Amino acid sequence: MKRIVLLGGGHAHLFVLEAFARQRPDADVLMITPDALTPYSGMMPGVIAGHYRAREACIDLRPLAARAGCRLHFDLAIGIDAAQRCVVLASGARVDYDLLSVDTGSTPRLPAVPGVGHGHPVKPIGRLEMHWRRVLAQQPSSAVVVGAGAAGVEIVMALRQRCPGMHCSLVDSNAQLLAGMAPGLRRRVGAQLRRQQIDLLTGCTLDHVGQGRVVLADGRMMNSDFTVWTTGAAAPDWLHDGALALDARGFIETAGTLQSTSHPEVFAAGDVASVRSAPRPKSGVYAVRAGPHLAANLRRALAGMALQPWQAQQRALMLLACGRQHAIAARGGWSLQGDWVWRWKDWIDRAFIARFDPLARAAQS
Ligand SMILES: Cc1cc2nc3c(=O)[nH]c(=O)nc-3n(C[C@H](O)[C@H](O)[C@H](O)COP(=O)(O)OP(=O)(O)OC[C@H]3O[C@@H](n4cnc5c(N)ncnc54)[C@H](O)[C@@H]3O)c2cc1C
């Protein structure tokens, strides 16, 4: 019997498990991932803000995998030996595959500044939330979020919501907040930051980070009981010596069929992958959209059938949580905001979780 290894319990693989639960493939299916609970990043700012309990924003992979006839192995990949068709794990084990599907997400791109270890990378998001709970218990008086992209603005507003008296700053080396995004969206977010008295420091580079402080290159010093890195998504470095074709940034390069351009028995989707003909930003929306196509192509590959190409939509709806129960929606050039946008986002997020994990729904009630 052939073996399919699903590496990582990411968004796209949730759809693969769901499809395999509907109709089990004639294969030995194994998922390798570090934890049974996989966090849903869209709700994590809401967990930090105090709107959700951590469990409500996680999907338990165990019942889903059981329905799909998939075995779970809790470990981390540290390499893919594509020539030998095996995954190398942190425990030292090597797992052979006939088909491999990689959905392990991205890792934070940390700045090369002294003392970087004093801050907390936004990913793995579950670990950030754990650190935050520890810091919260010590009644923090200041926080600095470095990186004013979508994740950075959501996190800094969540921190402000949770601790209204805390001094919160958002720092970025770019001259603009949300660089590259539509001006209307930037204006709305800028207004929210001012309204919430969050200091925005753009065009600022860091000199170093120390225990309880962040020092800028111009000599300014900020107190920080909780420093968060939201400085962008990088490819995991364990992909580098595996012989798989990678794009210029080190992500697995795939064809529209989601197969590696160098090794057709390897599939990849989500942040870890980049479709050569149509690369997209690193966003959960694309991982979600790829999921059903990945499932269908894995099934076709198993049956020796021709695979179907897929192309992600060019633009996606963005729903940005603003700390309090208020959100901004943006797509292309338009944007709007309101408490009702937060309720809409909340409904979408809860429905996503409940689709894959009915027990999380029970935790919500
Ligand atoms: C604060 C924040 C908020 C966000 N909000 C949104 C949003 O509202 N909408 C949106 O579209 N995007 C959002 N994003 C982006 C989104 O998180 C990612 O684009 C999305 O999670 C990518 O999904 P994925 O399936 O590629 O990987 P992930 O969701 O990162 O899943 C990766 C999985 O692989 C596992 N894994 C990791 N490394 C290994 C390894 N070495 N071996 C085995 N398993 C491994 C992980 O444990 C995890 O289960 C947000 C990001 C952040 C940081």
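Just the heavy atoms: all of them, side chains too, but no hydrogens, waters or symmetry mates, feed the values below. We count ligands from 1, going down the list as the structure has it; atoms in each ligand are counted the same way. Here the structure is a predicted model, which means the values were calculated and not measured.
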Contact between [X] and [Y] at the side-chain level, heavy atoms closer than 4.5 Å - yes or no?
X: Met44; Y: Cys58; value: yes
X: Ser142; Y: Phe226; value: no
X: Tyr52; Y: Asp346; value: yes

Ligand-side contact atoms (ligand 1) for residue partner [X], heavy atom cut-off under 4.0 Å:
X: Ser283; answer: 10 (C), 11 (O), 12 (N), 19 (O)
X: Gly270; answer: 26 (O)
X: Gly8; answer: 34 (O), 35 (C), 44 (N)
X: Ile32; answer: 43 (C), 44 (N)
X: Trp238; answer: 41 (N)
X: Gly42; answer: 5 (N), 8 (O)
X: Thr38; answer: 48 (C), 49 (O)

Just distances here: any N/O of [X] and N/O of ligand 1 closer than 3.5 Å?
X: Asp35; answer: no
X: His11; answer: yes
X: Val272; answer: no
X: Asp75; answer: no
X: Val122; answer: no
X: Val285; answer: yes

is_close_aromatic(His51, Trp342), centroid dist under 6.0 Å: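 Centroid separation for His51 and Trp342: below 6.0 Å.
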
Option of least heavy-atom distance to atom 27 (O) of ligand 1 (set: Ser106, Ala150, Gly105, Ala269):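 Looking at heavy atoms only, Gly105 sits closest to atom 27 (O) of ligand 1.
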
Nearest-option assignment for atom 3 (C) of ligand 1, heavy atoms, candidates Ser41, Pro39, Ala36: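 Nearest heavy atom to atom 3 (C) of ligand 1 lies in Ser41.
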
Main-chain N/O of Ala12 paired with Asp103 side-chain donor or acceptor, under 3.5 Å: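 Confirmed, Asp103 side chain pairs with Ala12 backbone.
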
His118 side chain to Gly212 backbone, donor-acceptor under 3.5 Å: no

Salt bridge (Lys or Arg N to Asp or Glu O under 4.0 Å) assessment of Asp60 paired with Arg62: CA-CA 6 Å; Asp60 189 341; Arg62 287 167 294 194; 3.0 Å; yes

Side chain to side chain donor-acceptor pair (under 3.5 Å) between Asn223 and Ser141, worked out: CA-CA 9 Å; Asn223 291 329; Ser141 60; over 6 Å; no

Residues Gln337 and Arg188: side-chain donor-acceptor under 3.5 angstrom: yes

Modelled atom types, side-chain donor and acceptor of Asp271 and His11, under 3.5 Å: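 Side-chain D/A pair, Asp271 to His11: absent.
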
Please determine whether a side-chain nitrogen of the Lys or Arg among [X] and [Y] lies less than 4.0 Å from a carboxylate oxygen of the Asp or Glu.
X: Asp218; Y: Arg220; result: yes
X: Arg127; Y: Asp35; result: no
X: Asp81; Y: Arg85; result: no

Residue-level breakdown please: for [X] versus ligand 1, do any non-hydrogen atoms fall below 4.0 Å on the side chain, on the backbone, on both, or on neither?
X: Ala287; value: side chain
X: Tyr286; value: neither
X: Glu154; value: side chain

Note the single closest protein heavy atom to [atom], along with its residue, its atom name and the distance in Å.
atom: atom 31 (O) of ligand 1; result: Gly10 CA, 3.3 Å
atom: atom 24 (P) of ligand 1; result: Asp103 OD1, 3.4 Å
atom: atom 10 (C) of ligand 1; result: Gly284 N, 3.4 Å
atom: atom 1 (C) of ligand 1; result: Ile125 CD1, 3.6 Å
atom: atom 40 (C) of ligand 1; result: Leu76 CD2, 3.3 Å
atom: atom 52 (C) of ligand 1; result: Ala151 CB, 3.8 Å
atom: atom 42 (N) of ligand 1; result: Ala77 N, 2.9 Å
atom: atom 37 (C) of ligand 1; result: Thr104 O, 3.2 Å

Sub-4.0 Å heavy-atom approach of Lys123 to ligand 1: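 Right, Lys123 reaches ligand 1.
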
Ligand 1 contacted by Tyr40 (non-hydrogen, < 4.0 Å):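 No.
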
Flag if over 12 foreign heavy atoms under 6.0 Å of CZ, Arg280: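 Enclosed.
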
All pairs passing salt bridge (Lys or Arg N to Asp or Glu O under 4.0 Å) where residues 64-78 contributes a residue, at least two apart: Asp28-Arg71

With sequence neighbours excluded, residues passing salt bridge (Lys or Arg N to Asp or Glu O under 4.0 Å) with Glu253: Arg276

Val214 to Ser224 - nearest heavy-atom pair and separation: CG2-CB, 4.0 Å

Non-hydrogen protein atom less than 4.0 angstrom from atom 8 (O) of ligand 1: yes

